[in-house]
Amino acid sequence: MTTSSTEDDTVPRLLEEYGRLSQAALVSYTRAREPLRHLYRLVADYPERGGRMLRSSICLATAAAHGCEPRSALAPATAIELLHNAFLIHDDIEDGSQTRRGSPTLHVAHGTPLAINTGDALCLLAMQALSDCRDEIDLSVRESLADDLRRAAVEAVEGQALELGWRHDNAVHLTEADYLHMVLKKTCWYTMIFPIRAGAQIALGEPLAHDTFVAFGFLLGAAFQIQDDLLNLVGDEQRYGKERNGDLLEGKRTLMIIHLLQRLSGKDRDRLVTLLGDGVRDTESVGWILEKMGEHGSIEYARLMAHALAGAASRECERAFGALPDSQARHFLACLPRWVISRS
Amino acid sequence: MDGERKHWERPRLRRVAPRRCGVAEEYLKMSNRHETPQATIEETQNTAYRVLGDYLRASEAVARNRPDASNGGSTRGAINYRTLAMSMFDVWTRLAETWLQTFERGMDLRQGGMPELDAFTVGPRGSATRTASPETESVSLVVHATRPVEGRINLRTTAIRKSLVAHALRATTDGLPPIPVCVEVLGDEVVVKVHVGEGQPSGTYHGLLIDGATEVPQGDVRVRILES
């Protein structure tokens, strides 16, 4: 299986193509209806802001790589996008985030109660999307997809609980392994593992063993999450779509913070621990943390870790899909590891 | 359920005093040792596969406590114990492959910056797990055991030297005693011998094969001891 160059446009091109398909399917669940003002207008808000549709695209690409029409995997692809948007709304509330995809977050624009209710509705619509495919998908596969979706959702909330717990308890002795474990649960299952498994199960027409594609999805998802954390610090806010340094303001235990906690000592470490516990509240504190990260190479370290994980993901991709016939979709999957760490 | 009218504000944070999280204290010893980009790549991949192995073990424990777990688990993809055991075995295989590929790639990273996509280097498909082929049939694995076992030797190169040495096989489950391995040279043949004692607990064991002259990994040995 060929690997990609950084100039290869396969990922953005197919993201656009699969994204259009997914967006069209998503609209049927977020269409305007009553109660419009306080629910369905809000349900459609985040999806209409133009996300990348990464999760659904991975699902469609995996089905296509196995020789199936991408459209045939639209049900789980739609379900995971709806669930993703639900998580985004709830995450924004939990994190106190101010902007999402370049606009005010839903709870900022409409208030926390309506935002929570909208997130709940999107969760239920995700389940609806999966059960709506009963005529096209064999029962055993449908049951397996439902198992997987439930598992992805449970893993995500457990991972989120770990991360919120670290902030709540002001955990300061975390390691890279703790971080990877949290990301495996919080991000990887619903961002990578479920979409890949769902696409493959649709194409193969049979349930998969519980661990198939978990290694690839984990390594790819972990690299993706680290890059996301990096963009929060060093990315272009206009393109990134979220408030710059929001993770620092929220005291999030990113890999860069974990590394810095390991490297600092004495008064500097005490200051960081206090800031994380009390909340980073001013630009001076943010600037100080960024300066220390620069001094101790925390950002470069995180980049290197993302690179290492993406490299391992590339090998897992070869193991998982190397025997499939050459295709655009398979090439898309092979290009993902490089893409996740080079995206801006 | 009318929406609140006032502008939402980031909530005041109320945190308790710093304390150890204790989520994964066994990993504390693994942190803060990366001196070079190469070491970071190796340690990252090592840690990632270790986390994956631990996760699969934890999944097994959860599956055992599920009310519908019976006769080895569900057949429709939820949890299958036999598959799960094999997958844990596989995780350690992959880790070994990662080590081998990392060692083999050499140390030509640019210091202080991103490597030249070194972590993406992929050898010919399947080369990392190639078992003894006609070119390597002079290396063989002999497992002595009084219980059912599965053994496998993976060689990374066809040019196995007689200076081959083997690490003791370590269990993928914490706390199990290692299994000693010896290497014997019989004429042109190199024999890797594993002796499984009667009291050795069931489980999956794994160890590297190293060229004693150059200390370059040459492959790995894996043995799974089944329940008798």
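Lettering of chains follows the sequences in order, A, B, ..., and the numbering in each one begins at 1.
Atom CE of A:Met305 and atom OG1 of B:Thr40 lie 8.5 Å apart (nearest 0.5 Å). The OH atom of B:Tyr55 sits 14.0 Å away from the CG atom of A:Leu180 when rounded to the nearest 0.5 Å.
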Go through the steps to decide whether A:His181 and B:Thr47 satisfy the test side chain to side chain contact (heavy atoms under 4.5 Å, CB included), and finish with yes or no. CA-CA 10 Å; A:His181 175 67; B:Thr47 303; over 6 Å; no
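A heavy-atom distance below 4.5 Å is found between the side chains of B:Leu52 and A:Val214. Here the side chains of A:Met182 and B:Val51 are not in contact, with every heavy-atom distance at 4.5 Å or above.
Only the side chain of A:Leu184 comes within contact range of chain B, with heavy atoms under 4.5 Å apart.
Here the closest heavy-atom approach between residue B:Ala48 and residue A:Leu219 is recorded as CB-CD2, 3.8 Å.
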